[in-house]
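One-based numbering along the sequence shown. Nothing here was measured: the structure is a model prediction, and the numbers come from that model.
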Amino acid sequence: MSENYINTIAEDKVYPIIRCKEADRAVEIAKALVQGGIRVLEINVENPSIYEAINEVSKYATVCAGGIITSTQADYAIKNGAKLFASPIFQMSLVKISKNLRIPFIAGTSTANEAYNAWKSRIPLIKLFPADAMGGVQYIENILRQMPFLNLMPTGNIKLSEIVTYINAGAAAVGVGRDFYQGFTAHEITDRTKEILTEVKDFTKWNKK
């Protein structure tokens with residue numbers, strides 16, 4: 001299985017998650033994010049029309065189909081161009097699909113035990129959701145203090161202004177949803193994307209010194 005897409009997420013550290021019911025709006029948001037420098041993004045499958053958005057956006061960006069809980073959803077998303085798929089839960093049926101099709105799977109977990117079991121199943125990047133409700137940055141620090149080998153990506157009501165704090169706590173990447181785009185025009189989304197990517201890049205360089 002190619003890990004290139006997971007590596008890209010880990011390099012950029014900023015992982016946008018698009019959740020909306022209108023395919024056209026999902027495409028509009030995705031285009032704005034890509035123009036701002038995003039290489040991999042997630043489009044949550046809110047309804048069947050969203051597969052059309054995945055198909056369109058996959059022509060110019062790497063799309064992870066999110067919100068996948070059944071094998072049928074995963075299969076349809078992949079047929080429409082998704083290069084990865086993600087779920088709010090961790091279940092072995094999706095792990096099997098990932099291995100059989102050699103498509104990266106980002107599993108969703110909430111507890112330290114779930115995250116560890118996902119790691120044992122060779123999940124390359126593990127969502128921790130909902131990060132804010134579970135304790136935020138402190139929760140990430142507590143888990144990684146005991147299991148520093150986990151590649152955790154906190155998601156769930158995280159704001160752009162909190163990304164660097166989560167990275168500093170040890171997160172491999174940070175998933176941000178509504179705060180990226182809700183209430184903003186396409187131009188504003190692009191500007192916000194450029195700003196946060198620059199901030200994260202500067203922090204990463206400084207942190208390596």
Side-chain angles (χ1 to χ4, degrees), residues 1-17 38-42 44 62 64-69 74 82-177 179-180 196-197 199-201 203-208:
M1 181 188 301
S2 173
E3 298 294 334
N4 290 343
Y5 303 126
I6 299 297
N7 291 342
T8 299
I9 296 172
E11 287 171 7
D12 294 347
K13 298 194 178 300
V14 179
Y15 181 79
I17 302 172
I38 290 297
R39 295 187 288 173
V40 182
L41 54 86
E42 179 177 315
N44 206 67
T62 300
C64 175
I68 302 299
I69 58 175
K83 300 300 183 184
L84 314 85
F85 66 98
S87 177
I89 57 178
F90 167 55
Q91 57 178 339
M92 292 308 298
S93 62
L94 296 179
V95 174
K96 290 178 181 178
I97 292 172
S98 171
K99 291 180 178 179
N100 290 339
L101 298 180
R102 303 182 69 81
I103 298 290
F105 168 45
I106 301 175
T109 66
S110 296
T111 67
N113 188 59
E114 289 176 347
Y116 176 71
N117 285 331
W119 175 79
K120 283 182 65 179
S121 297
R122 298 186 178 182
I123 301 297
L125 185 61
I126 303 164
K127 271 191 182 186
L128 197 66
F129 173 84
D132 63 330
M134 298 301 291
V137 172
Q138 188 62 58
Y139 189 54
I140 297 291
E141 290 180 343
N142 289 341
I143 291 178
L144 292 177
R145 188 175 296 117
Q146 299 296 322
M147 295 181 286
F149 49 84
L150 295 179
N151 289 323
L152 297 181
M153 180 169 66
T155 68
N157 296 320
I158 295 176
K159 300 185 181 302
L160 292 181
S161 60
E162 298 173 312
I163 289 179
V164 168
T165 305
Y166 274 98
I167 294 172
N168 192 45
V174 183
V176 178
D179 195 52
F180 239 124
I196 190 59
L197 287 176
E199 181 182 349
V200 169
K201 185 176 181 180
F203 172 79
T204 302
K205 285 184 177 179
W206 174 84
N207 207 36
K208 288 181 178 178

For this session: Report the distance from atom CZ of Phe85 to atom CD1 of Ile106, rounding to the nearest 0.5 Å.
Result: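 Here the rounded value is 10.0 Å.
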Problem set entry | Distance in Å, Trp119 CH2 paired with Leu150 CG, rounded so as to fall on 0.5 Å steps |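 Here the rounded value is 7.5 Å.
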Between [X] and [Y], what is the shortest heavy-atom contact and its length?
| X | Y | result |
| --- | --- | --- |
| Ile126 | Ala115 | CD1-O, 3.4 Å |
| Pro88 | Gly67 | CD-CA, 3.9 Å |
| Phe129 | Ser110 | O-OG, 2.6 Å |
| Ser121 | Met92 | OG-SD, 3.8 Å |
| Ala118 | Thr109 | CB-CG2, 4.1 Å |

Would you say [X] and [Y] make side-chain contact, with heavy atoms under 4.5 Å?
| X | Y | result |
| --- | --- | --- |
| Ile68 | Phe105 | no |
| Ile158 | Tyr166 | yes |
| Tyr116 | Phe149 | yes |

For this session: Assess whether side-chain hydrogen bond (donor to acceptor under 3.5 Å, both in side chains) is satisfied between Gln138 and Asn142, documenting all intermediate values.
Result: CA-CA 6 Å; Gln138 188 62 58; Asn142 289 341; 3.0 Å; yes
For this session: Examine distances only and state if a side-chain atom of Thr155 and a backbone atom of Lys127 form a donor-acceptor pair shorter than 3.5 Å.
Result: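 No; judged by distance alone, with no hydrogens or angles, the pair does not exist.
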Exercise. Does Asp179 reach the main-chain N or O of Leu160 with its side chain, forming a donor-acceptor pair under 3.5 Å?
Worked result: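 Looks like yes, one N/O pair under 3.5 Å.
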